[in-house]
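Counting starts at 1 for both ligands and their atoms, following the listed order. In this chain, numbering begins with 1 at the start of the sequence shown.
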Amino acid sequence: MSGSNIPVATLGVPRIGRRRELKFALEAYWSGESSAATLLQTAKALRAANWMEQCDRGVTKIPSNDFSLYDHVLDTAVMVGAIPAIYGWTGGELLLDTYFAMARGGRLNDASPACGHGRHNGHGKGVRALEMTKWFDTNYHYMVPEFSADQVFALTSTKPVDEFQEAKALGIHTRPVILGPLTFLKLGKPEEEGFEPLELLPRLLPVYEQLLDRLAAAGADWVQIDEPALVLDLGDQERKAYKQAYEKLAAAVPELKIMLATYFGGIGENIDTALCLPVAGLHIDLVRAPEQLEEIARLARKDMVLSLGLIDGRNIWRADLQAILDRIEPVVGAWPLERIEIASSSSLIHAPIDLELETGLDPKLKSWLAFSVQKMSELSILSQALSGGRASVMSELKASSEAAAARAASPNVHNPAVRERVSGITEEMKNRASSFTERHAIQRAKLQLPAFPTTTIGSFPQTAEVRRARAAHLRNEISRDQYETFLKRETEAAIRWQEEIGLDVLVHGEFERNDMVQYFGEQLSGFAFTKHAWVQSYGSRYVRPPIIYGDVSRPRPMTVDWWKYAQSLTEKPVKGMLTGPVTILNWSFVRDDIPRSAVCRQIALAIRDEVTDLEKAGARMIQIDEAALREGLPLRKPEWKEYLAWAVECFRLASSGVEDSTQIHTHMCYSEFNDVIDAIAAMDADVISIETSRSKMELLDAFRSYSYPNEIGPGVYDIHSPRVPEVAEITNLVELARSRLSDSQLWINPDCGLKTRKWDEVRPALVNMVEAAKRLREAA
Ligand code: GLN
Ligand code: ZN
C-alpha cells in the first residue's frame with residue numbers, strides 16, 4: 001500500500017488468540033501444568049501474531065501494550081504501584097502470582113513477595129480478589145483499582161515500554177496504548193470513605209510523566225492515551241483536572257505526541273474540555289455518535305490529527321462503506337488530509353477475531369458480517385478510498401453496499417407474525433394479577449419454606465466430564481440418547497446431593513446448558529451461532545455471543561423437559577430456570593436495523609411462553625435471570641429512563657403470565673443498585689438474588705433505604721474466587737444483611753451460579769452455607 005495513504009488505526013485488538021491460546025495457557029499455568037515461562041512465551045507469540053496481522057491488513061498505526069494477561073485496568077494499577085496492602089507487596093517488580101491474586105484471589109506466601117521464585121506453594125494466607133465490574137457499557141469486565149488516602153504511586157512495571165521494544169525488535173514501530181490517568185482514577189475506588197480518587201491526581205501524574213519519558217527514550221513518537229471517561233457525564237472538578245493533567249503531560253515530554261482516544265459515545269458537553277487539551281490528536285467515536293463529527297471538525301484546532309472512529313469496534317456487522325464515505329467526505333474534505341486517521345470506533349477487543357474461521361455459518365449471513373480482522377480490511381479500504389479516490393477500490397465498495405442491501409431485503413430477517421404479536425401487547429400482559437403483599441401470603445402458605453430459605457443460583461460445576469460429553473455429542477461421537485442419559489445422571493446426582501446437604505429450594509444444575517444465553521438462543525428463531533467467535537468477558541473467561549439477525553420467536557418449549565425430570569426426583573421445589581429477555585439481548589450481538597427495545601420485546605414474548613409452559617408443567621418457582629439488566633444502561637444518565645422503562649417492561653412481560661401462587665425469582669450479578677433501585681422494584685419479582693459478598697453487603701443499603709418490599713437473597717459466598725467461605729464468615733455476612741433488611745425477607749444463597757467452580761470448592765462451601773442458615777434459625 002502506498003505511503004501517502006491516510007493512516008489506519010485499530011485502538012487495540014483481541015488478545016485471546018484465534019484458538020483461545022491465552023485462555024488455555026493461563027489455565028495450564030494456574031493448575032500447575034505449565035510454567036510461567038510457557039505462559040509468557042504464549043503471550044509473546046500472540047502479540048507478535050497480532051502485530052503481523054495488522055501490518056498485513058493495512059493497519060499503519062499499530063498499537064502495543066493493548067495486550068494483557070488478564071485485564072488492562074489491572075495492568076495499569078500495577079504499573080503505577082496501586083497495589084493494596086493485603087497483597088503483601090513491598091516494592092520492586094510484582095510477582096506474577098501476586099498479579100493473579102489481585103485478579104482472582106487465592107493464596108499468598110507470607111515469605112517476602114519480592115523473592116522472585118515461581119509459583120506460590122498454596123500454604124500462605126487466603127487473600128481476596130479486587131472487585132470486578134463492567135468496562136463502560138461493554139461485556140468486558142475490569143478489576144477495580146483500590147486507592148488508600150495515603151496512596152503512593154510509583155512506576156512499578158514498564159510493560160508499555162517492554163512491549164514497544166518487543167515489537168521494535170520484530171521491525172514493527174508501534175503506538176503504545178495506555179489508559180489515561182483520569183479514566184484510571186475514575187474507574188477506581190477509595191479503600192476507605194472520605195476522599196475522592198481524583199484528589200490523587202497530582203501524585204499520579206509524575207508516574208505517567210516518567211512512563212512517557214521512557215517511551216520516548218525507547219523510540220516512540222506517538223502514544224495513544226485512552227480517556228473513554230470523556231464520554232461520561234463529568235463534573236466541573238473533573239473537567240478541570242483533564243486540563244491540568246494534559247497540560248502537564250504534554251509539556252513533560254513534548255517530543256512524544258499524544259493521541260487522546262475517546263470512545264463508547266459522543267464527547268457531548270465535554271467538548272470544550274476535550275478540544276482545549278494540548279494533545280496532538282483526538283480520536284472520536286463516529287459509530288455511537290456520528291453526529292459529533294461536524295461540530296468537532298468545526299471547532300478543533302486544525303493542527304490536530306483527527307482520528308475518525310468509523311468502523312464499529314463492538315459489533316459484528318459489516319459496514320456499508322459507501323454510506324460511510326457519503327457521510328464523511330464533505331466534512332473530511334475541509335480538513336487537512338495529512339491530519340486524518342481512519343480507525344475503529346473503539347478497541348477491537350469487543351469483537352471476535354476472524355470470520356473466516358466460521359465455515360459452518362450460512363453464507364448469506366456470513367456475507368453480512370465482519371470480525372476484527374475483516375474490520376481492519378474495511379478500515380484500509382476506507383483509507384484507500386479517501387486517499388486515492390473511490391475508483392481505486394470500487395469493487396470492494398460495491399460489494400459492501402450490496403451486502404447491506406441484501407441484508408435489508410432478506411426474508412430471513414423479517415417475520416410478520418412476530419411483528420404482529422408485538423404490536424398486540426397489552427397493559428394487562430405486563431402486570432401480575434395481585435400485588436406482592438397478596439402474592440406473598442398465597443406463596444408462603446403454598447410453599448411452606450423455613451426461615452432463611454437456602455438455594456443456589458442455578459448452575460453447578462461444568463466439569464471437564466460435562467464439557468467432554470457435550471463436545472463428544474457435538475462431534476456425533478456419542479448419540480443424543482447417550483448424551484441425555486449422561487445429563488440425567490448428572491442432574492440426578494445434583495438433586496440427591498442438594499437434598500442430602502439440606503438445601504430448601506433446589507436447582508437442576510444446568511448441565512445441559514453450554515451458556516445461559518446460547519442455550520436459549522439456539523432454540524429460538526432469529527439467532528445464529530458461531531464456532532470460534534469468542535470475546536473476552538473477564539480474565540480467561542470468554543463468551544461467544546449469539547448473533548440476533550432476525551425477528552425472534554420460540555418454536556417449542558426449551559426447558560420444560562429438563563425441569564420436569566429434575567422435579568420428578570424430589571419433593572422439594574425445583575426452580576424453573578430461564579434467562580431473561582434483557583440479558584439475552586445485552587449478551588448478544590444485536591441487529592442494528594431496528595431499535596434494541598423492539599428486539600427485546602420479541603424475546604420477552606418468547607420467554608413468556610416458556611414461563612407459562614413451566615407453570616403448566618407444575619413449576620412452583622421460576623427464576624428469570626436478568627444478570628445483565630444493569631449492563632444495558634446508557635453511559636449518560638439522561639438516557640437511563642428510557643432504557644429502564646423498556647427493560648423493566650420486557651421483564652414484566654416475560655414474568656407476568658403466571659398465577660399469584662407461582663413464585664417468580666430473578667437474579668442479578670454484581671451491580672450497584674442505588675441508582676436503579678426503582679427499576680428493580682418495578683420488576684416486581686417475588687424474590688431477587690444479588691451479588692453482595694464482596695461488597696460486604698454494602699450493596700443492600702439501596703434496598704434498605706428504598707424499603708424494598710419483596711424478598712431478597714444477598715449472596716453470601718463469592719463464587720468468583722476458589723476460596724471456600726467458613727461458616728462464621730457466612731453468618732457474619734448474614735448478620736450484616738439482617739442489620740439492613742427484615743428476617744422475613746431474607747434468603748441465603750451464593751452470589752451467582754457455580755458453573756465456573758470445582759465440586760471440591762462448591763461442596764464444602766454449600767455445606768457451610770446450609771450450616772450457617774441452620775445456626776441462624778436456631779438463634780433467631
Ligand atoms: N442461572 C445462571 C447460573 O446459575 C445465572 C448465572 C448468572 O447470573 N450469570 O449460572
Ligand atoms: Zn450472577
Side-chain angles (χ1 to χ4, degrees), residues 131-134 139-141 454-463 466-467 490-491 494-495 498 503 505-521 537-539 541-545 558-559 562-563 566 574-588 607 610-611 614 619 621-632 651 654-655 664-673 680 683 685 687-695 699 712-721 747 749-759 761-762 765-766 769:
E131 215 174 282
M132 182 169 67
T133 196
K134 271 169 66 68
N139 294 331
Y140 175 85
H141 301 78
T454 53
T455 190
T456 59
I457 307 303
S459 59
F460 279 126
Q462 289 262 328
T463 57
V466 172
R467 290 198 304 265
E490 291 292 308
T491 309
I495 293 280
Q498 292 173 82
L503 280 156
V505 172
L506 312 192
V507 296
H508 75 287
E510 303 183 21
F511 302 106
E512 79 288 7
R513 301 189 187 177
N514 35 19
D515 170 89
M516 65 185 284
V517 170
Q518 186 180 349
Y519 183 74
F520 291 92
S537 169
Y538 66 87
R541 189 162 157 66
Y542 310 158
V543 293
R544 235 176 349 182
M558 304 182 280
T559 64
W562 281 112
W563 176 83
V574 176
K575 287 189 276 192
M577 191 60 64
L578 305 173
T579 303
V582 188
T583 299
I584 293 181
L585 181 89
N586 284 338
W587 285 350
S588 297
I607 298 297
E610 189 71 13
V611 169
L614 278 168
M621 299 174 179
I622 300 165
Q623 179 172 315
I624 307 172
D625 291 324
E626 284 292 19
L629 188 119
R630 202 182 188 288
E631 296 198 0
F651 180 84
S655 59
I664 295 287
H665 290 229
T666 188
H667 165 72
M668 290 189 188
C669 296
Y670 40 88
S671 299
E672 289 148 34
F673 294 98
I680 288 173
M683 287 166 70
V687 185
I688 179 173
S689 61
I690 56 178
E691 177 188 320
T692 41
S693 75
R694 283 197 280 189
S695 79
L699 291 176
I712 310 184
V716 293
Y717 153 30
D718 173 13
I719 65 89
H720 299 94
S721 158
W747 286 63
N749 48 255
D751 270 337
C752 193
L754 299 162
K755 67 177 168 214
T756 56
R757 296 265 63 91
K758 299 194 164 66
W759 273 113
E761 298 153 358
V762 165
L766 291 184
M769 190 184 86

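- Under 4.0 Å from ligand 1, not a single heavy atom of Met668 appears.
- With hydrogens and angles ignored, the 3.5 Å screen pairs no side-chain donor or acceptor of Trp563 with any backbone N or O of Met577.
- Atom OG1 of Thr692 sits about 5.5 Å away from atom CG of Asp751, to the nearest 0.5 Å.
- Counting atoms of ligand 1 from 1 in the listed order, those under 4.0 Å from a heavy atom of Gly458 are 4 (O).
- Closest protein heavy atom to atom 8 (O) of ligand 1: His667 CD2, 2.9 Å.
- To the nearest 10 degrees, the Zn ion (ligand 2) sees SG of Cys752 and SG of Cys669 at an angle of 120°.
- Of all atoms in ligand 1, listed by their number and element, those nearer than 4.0 Å to a heavy atom of Cys752 are 6 (C), 7 (C), 8 (O), 9 (N).
- Side-chain contact check for Thr559 and Glu610: at least one donor-acceptor pair (N or O, by modelled atom type) lies under 3.5 Å.
- The protein atom (non-hydrogen) at minimum distance from atom 6 (C) of ligand 1 is Met516 SD, 3.4 Å.
- In the vicinity of Met577, heavy-atom distances shorter than 4.0 Å reach the ligand 1 atoms 1 (N).
- To the nearest 0.5 Å, atom CD of residue Gln623 and atom OG1 of residue Thr579 are 9.5 Å apart.
- A donor atom on one side chain and an acceptor atom on the other are found under 3.5 Å apart for His667 and Ser689.
- Residues Thr455 and Trp747 share a closest heavy-atom pair of CG2-CE3, 3.8 Å.
- Scanning all heavy atoms of the two residues, the minimum distance from Val611 to Ile622 falls at O-CD1, 3.6 Å.
- Residue Cys669 touches ligand 1 through its side chain alone, judged by heavy-atom distances below 4.0 Å.
- Near Gly753, with a cut-off below 4.0 Å to any heavy atom, the atoms of ligand 1 are 3 (C), 4 (O), 10 (O).
- Taking atom 1 (N) of ligand 1 as the reference point, the nearest protein heavy-atom neighbour is Asp625 OD2, 2.7 Å.
- Counting protein heavy atoms only, atom 4 (O) of ligand 1 is closest to Ser459 N, 2.8 Å.
- Arg694 and His720 are linked by a side-chain donor-acceptor pair at a separation below 3.5 angstrom, with hydrogens and angles left out of the test.
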